[in-house]
Enquirer: 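Have a look at this one before I ask anything.
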Amino acid sequence: MRILQLHSNFIEYKPIQKEISAAEEAEKKAVRLEEIVVLFTAVEEGDNIGVAEKAVEEISTFLKKLKVNRILIYPYAHLSSKLAKPSEAIKIVKAMESFAKVKGIETFRAPFGWNKQFTISIKGHPLAEQSRTILPSEIKEKKEEKISEAVKAEEKLESFWYILQPDGKMVPVDDFDFAEHENLEKFARYEISKVRASQQMPPHVPLMKRLEIADYESGSDPGNIRWYPKGRLIKSLLEQLVTAKMIEYGAMEVETPVMYDFQHPSLADYLNRFPARQYLLKSEDKELFLRFAACFGQFLMVHDTQFSYKHMPLRVYELTRYSFRREKSGEVVGLRRLRAFTMPDCHAFCTDLEQAKNEFITRFKLCINVLKEIGLDREDYEVAIRFTKDFYEQNKDFVTSLAEIFGRPVLVEMWVEKFFYFILKWDFNFVDNQDKAAALSTDQIDVENAKRYDITYVDEKGEKRYPLILHCSPSGAIERDVYALLEKAYKEQQKGKSPMLPLWLSPTQVRIVPMSDKYLAEVEKIAEAIGSENIRVDIDDRTLTLQKRIREAEMEWIPYIIVVGQKELESNRLPVRKRKSGKIQKMTLEDLIGEIRKIVEGKPFKPLPIPKHLSQRPQFYG
RNA sequence: GCCUCGGUAGCUCAGUCUGGUAGAGCAACGGCCUUGUAAGCCGUAGGUCGCGGGAUCAAGGCCCGCCCGAGGCUCCA
């Protein structure tokens, strides 16, 4: 930072015209200030808040010598040839202003980004004219991080916690009897006191590796995951299911860019209201960030969209592959918390609070259904509802109706003030084997962003109005759904049951094990018959013992295993080893196909993405 | 991000304390076995001991820095 510091009798300046698009708003009016120290200031590349503070510190010492306590911060680019970006410079200039005010200095500031004309009269004493250069200190620069205002605000956030019962009674968490709500207690403790018992690795991590679903990729950044064919299949099916449900609900699927310009005015402002850390990207002279949700793209799109109350609620949906959040390294674990993840994100633009509330209920039910279809029942997760005190007091019945629909007590977090851009949100939380909670589905009522992005609709009277925006992820991150399914399977195993994935997600649904290669040709025909019914079937044609092949099929969590030998070919009845019951049941081929078709009815299907014959199959892990 | 622990064959791990020739099981590959519902037998091959630097005659082991993972702290819109 370079400052030309002039002790003046007076300065008179007048903004003439905006020089850059990022310029501040200002009146084209002459300003005259007397007996003042004028600071012509150029913010240079690499300057940060620390520099602003240091500058004010130095100036303040100097002001005392001069016995003056008035300054004018006058943005003046011509002092440096390596200027900071305007958006950065304006922040630092503003920071200087507030630091100075805090120090009790009477502070004025000329608008940033304007051509200004000025007249100045400088005192003649030896200290009247000074030039100073302030550089960022090395250590501070390294530690300095782009943390949004929301992240900082959150640190100061004060919450009050309750349990809301389906009958509408709200009990402070400490007074609630958790006897029959063990998971809710774990979730509440996790949210509030952050106590956790676990000493073990998250069980889904060895599982995701051993089942050849996914693995860490050390060649990338932490939290960027590698998906093997079976994992890709599972993830892809989940993506298809969620998308199908959203289209059925009436959402319009779109696709938007993964990276955005840091300088864009709406975006920069929004970044500061969203508590997430970003990946930054430099491309030529542009600074970009990777999206952490679909909000940006959808809002920019809807900003340019013509719509009226007749089209509302207007529902826009995108499956973001990926969304990026640079979570703190200590937080990134397995598939629970990633830095790059696939998130379905659906916004509904609503005319007023009444419509928003109706839509909110529709989506609440929709999300319960989406999780159920995925394989997560109501018993598998806990609900949190979070709101401002004002909202609750004006909408008690509405809030209660959510708990009523869910049918079990829910955790409530109440804020005295609005810290975020929303007034109400809920989230469904999976409690895992380490007693840690992870949010899946969520929805919120946003009261700020329509204005920020200048999104308007036309009402009955033909007037432009700002809609309310609902932000919903119907399933939460897809990776997190896989995490929840694996953790759920592990829980089942702890209870003595055979762990498994839902049938529609099992990579191999039916495995046929021929007694020996004599029966291969016949087995191919059976596999053909099953496969033609959109059932994923494979054949263990390896020359291993039968027992070994059964064991491996069981370890792969295959739902149906059929051994075929002489007897089967003669009898026409297949001994089907069912994982779910743990029993071998004799069935005809038609019965087996019928049973599977019934269980997976209405679910997406994709063929097996690996060789049908196990002898042809590579091993990705272990 | 901080503290603690860990990283040795594709996988799971021993060896590190006390420096002195790189180990096992599983998997892979070759062969035998042609099997009746959760591990058949024999053999072969497989290693920059996470990466970089240092002290030492000598480092997987000791010291320093970094990367990756786990637990805790913090955080989780």
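Protein chains get the first letters and strands the later ones, always in sequence-line order, with residue 1 at the start of each.
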Enquirer: Round to a whole Å and report the spacing from CZ of A:R579 to P of B:rA38.
Expert: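 Those two atoms, CZ and P, are 13 Å apart.
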Enquirer: On RNA chain B, compare the nucleotides closest to A:G330 and A:P222; which residue's is nearer the 5' end?
Expert: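 Result: A:G330.
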Enquirer: Ignoring the backbone of A:K328, work out which of B:rA38, B:rG36, B:rG1 is nearest its side chain.
Expert: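 For the A:K328 side chain, the nearest candidate turns out to be B:rG1.
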Enquirer: Go through A:F289 and A:F296 one step at a time and tell me if the ring pair (Phe, Tyr, Trp, His ring centres under 6.0 Å) criterion holds.
Expert: CA-CA 11 Å; A:F289 68 93; A:F296 313 98; 5.2 Å; yes
Enquirer: Rounded to the nearest angstrom, tell me the gap between atom CG in A:L544 and atom P in B:rG36.
Expert: 14 Å
Enquirer: When the P atoms of B:rC29 and B:rG36 are considered, how many whole Å apart are they?
Expert: 24 Å
Enquirer: Quick one about A:H471 and A:D446 (side-chain donor to acceptor, distance below 3.5 Å, no hydrogens or angles considered), yes or no?
Expert: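 Side chains of A:D446 and A:H471: pair found under 3.5 Å.
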Enquirer: Give me the distance, rounded to whole Å, that separates B:rC62 from B:rU18 when you measure between the P atoms they each carry.
Expert: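 9 Å, rounded to whole Å.
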Enquirer: For B:rG69 and B:rC33, measure between their C1' atoms and round to the nearest Å.
Expert: 42 Å
Enquirer: What nucleic acid atoms does A:D517 come within less than 4.0 Å of, heavy atoms only: base, sugar-phosphate, or nothing?
Expert: base
Enquirer: Give A:F620 one of three labels, base, sugar-phosphate or nothing, depending on what nucleic acid heavy atoms sit under 4.0 Å from its own.
Expert: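 Since no nucleic acid heavy atom lies under 4.0 Å of A:F620, the category is nothing.
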Enquirer: Report yes if at least one side-chain N or O of A:Q434 is closer than 4.0 Å to OP1 or OP2 of B:rG72; otherwise report no.
Expert: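 No, A:Q434 has no side-chain N/O under 4.0 Å of OP1/OP2 on B:rG72.
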Enquirer: Regarding A:T442 and A:W426, is there a side-chain donor-to-acceptor distance under 3.5 Å anywhere?
Expert: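 Side chains of A:T442 and A:W426: no pair found under 3.5 Å.
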Enquirer: Please determine whether any donor N or O and acceptor N or O are separated by less than 3.5 Å between the side chain of A:E331 and the base of B:rU74.
Expert: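 Present.
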Enquirer: Can you tell me the Watson-Crick or wobble partner of B:rA9, both distances under 3.5 angstrom?
Expert: none
Enquirer: B:rC42 and B:rA27: how far apart are their P atoms, nearest whole angstrom?
Expert: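 It works out to 13 Å between them.
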Enquirer: Using atom CG of A:D215 as one end and atom P of B:rC68 as the other, report the distance to the nearest whole Å.
Expert: 15 Å
Enquirer: Indicate yes or no for a side-chain donor-acceptor contact from A:E554 to the backbone of A:R551 under 3.5 Å, with no hydrogens or angles considered.
Expert: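 It does not hold such a pair.
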Enquirer: Rounded off to whole Å, could you give me the CZ-to-P distance for the A:R549 and B:rU34 pair?
Expert: 14 Å
Enquirer: What's the closest nucleotide to the side chain of A:Q619 if the choices are B:rU74, B:rC68, B:rA28?
Expert: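 In terms of side-chain proximity for A:Q619, the closest of B:rU74, B:rC68, B:rA28 is B:rA28.
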Enquirer: Keeping A:R291 on the side-chain end and A:T256 on the backbone end, is there a donor-acceptor pair under 3.5 Å?
Expert: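 Indeed, once roles are kept as given, a pair shorter than 3.5 Å links the two residues.
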Enquirer: Considering only the P atoms, how many Å lie between B:rC67 and B:rG10, rounded to the nearest integer?
Expert: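 Going atom to atom, P in each nucleotide, I get 24 Å.
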Enquirer: Please measure how far the P atom in B:rG46 lies from the corresponding atom in B:rG7, and state the result in whole Å.
Expert: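 Between the two P atoms, the distance is 25 Å.
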Enquirer: Do A:R577 and B:rA38 share a donor-acceptor pair, side chain to base, under 3.5 Å?
Expert: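 For A:R577, whose side chain was compared with the base of B:rA38, there is a donor-acceptor pair (under 3.5 Å).
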Enquirer: Have a look at A:Q547 and say if it touches a base, only the backbone sugar-phosphate, or nothing, with a 4.0 Å heavy-atom cut-off.
Expert: sugar-phosphate
Enquirer: Students often get this wrong, so: under 4.0 angstrom with heavy atoms, is A:T442 touching a base, only sugar-phosphate, or nothing?
Expert: nothing
Enquirer: Mind running side-chain hydrogen bond (donor to acceptor under 3.5 Å, both in side chains) on A:N429 and A:E382 for me, showing each step along the way?
Expert: CA-CA 5 Å; A:N429 296 271; A:E382 299 298 332; over 6 Å; no
Enquirer: Can you figure out which of B:rU37, B:rA38, B:rG71 approaches the side chain of A:L546 most closely?
Expert: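 Nearest to the side-chain atoms of A:L546, counting from C-beta on, is B:rU37.
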Enquirer: Any side-chain N or O of A:K436 under 4.0 Å from OP1/OP2 of B:rG72?
Expert: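 So the side-chain polar atoms of A:K436 do come within 4.0 Å of the phosphate oxygens OP1 or OP2 of B:rG72, strictly under.
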Enquirer: Nearest to the side chain of A:S516, heavy atoms from C-beta on, is which of B:rG36, B:rU34, B:rA38?
Expert: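 For the A:S516 side chain, the nearest candidate turns out to be B:rU34.
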Enquirer: What is the base-pairing partner of B:rC41, counting Watson-Crick and G-U wobble geometry with both distances under 3.5 Å?
Expert: B:rG31
Enquirer: Using a heavy-atom cut-off of under 4.0 Å over every strand shown, decide if A:R210 touches base, sugar-phosphate, or nothing.
Expert: nothing
Enquirer: Please pick, from B:rA39, B:rA70, B:rA28, the nucleotide with the shortest atom-to-atom distance to any side-chain atom of A:Y216.
Expert: B:rA70
Enquirer: Using atom CZ of A:F292 as one end and atom P of B:rC76 as the other, report the distance to the nearest whole Å.
Expert: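 Distance, rounded to whole Å: 15 Å.
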Enquirer: For A:K425, which contact category applies under a 4.0 Å heavy-atom criterion: base, sugar-phosphate, or nothing?
Expert: sugar-phosphate
Enquirer: Scan A:V332 against the nucleic acid and name what it touches under 4.0 Å (heavy atoms): base, sugar-phosphate only, or nothing.
Expert: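 Sugar-phosphate, backbone atoms only, no base.
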Enquirer: Decide whether A:E568 and A:Y519 meet the rule of one side-chain donor and one side-chain acceptor closer than 3.5 Å.
Expert: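 Judged by distance alone, the side chains do not pair up.
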Enquirer: To the side chain of A:V333, which of B:rA70, B:rG36, B:rA38 is closest?
Expert: B:rA70
Enquirer: Could you tell me whether a side-chain N or O of A:E217 sits under 3.5 Å from a main-chain N or O of A:N224, the two making a donor and an acceptor?
Expert: no
Enquirer: Could you state the atom-to-atom distance from CD1 of A:I192 to C1' of B:rC75 in whole Å?
Expert: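 In whole Å, B:rC75 C1' lies 16 Å from A:I192 CD1.
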Enquirer: What nucleotide, of B:rC75, B:rA38, B:rG71, holds the atom closest to the side chain of A:P202?
Expert: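 Given the options B:rC75, B:rA38, B:rG71, the side chain of A:P202 is closest to B:rG71.
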Enquirer: Looking only at side-chain atoms of A:K518, point me to the closest of B:rA70, B:rG36, B:rU35.
Expert: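 Comparing B:rA70, B:rG36, B:rU35 against the side chain of A:K518, the answer is B:rU35.
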Enquirer: By the 4.0 Å heavy-atom rule, please label A:Q566 as base, sugar-phosphate, or nothing.
Expert: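 Result for A:Q566 = base.
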Enquirer: For A:I512 and B:rU35, give me the distance from atom CD1 to atom P, rounded to whole Å.
Expert: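 Going from CD1 in A:I512 over to P in B:rU35 covers 20 Å.
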Enquirer: With a 3.5 Å distance limit and no angle check, can you tell me whether A:R549 reaches the backbone of A:P514 through a side-chain donor-acceptor pair?
Expert: yes
Enquirer: Output the rounded distance in Å from CD1 (A:I550) to C1' (B:rG36).
Expert: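 After rounding, the reported distance stands at 9 Å.
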Enquirer: Using atom C1' of each nucleotide, how far apart are B:rG19 and B:rA59 to the nearest Å?
Expert: 6 Å
Enquirer: In Watson-Crick or G-U wobble terms, both distances under 3.5 Å, what is the partner of B:rA14?
Expert: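 Partner of B:rA14: none.
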Enquirer: What's the gap between B:rC64 and B:rA45 when it is taken at their C1' atoms, as a whole Å value?
Expert: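 Their C1' atoms lie roughly 38 Å apart.
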Enquirer: So A:G334, base contact, sugar-phosphate only, or nothing? Heavy-atom distance under 4.0 Å.
Expert: sugar-phosphate
Enquirer: Heavy-atom nearest nucleotide on RNA chain B for A:T545 versus A:P514: which residue maps closer to 5'?
Expert: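 Closest to the 5' end, via its nearest nucleotide, is A:P514.
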Enquirer: So which nucleotide does B:rC2 pair with, by the Watson-Crick or G-U wobble rule with both distances under 3.5 Å?
Expert: B:rG72
Enquirer: Any strand counts, and the cut-off is 3.5 Å on both contacts for Watson-Crick or G-U wobble. Which nucleotide pairs with B:rG46?
Expert: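 Paired with no nucleotide.
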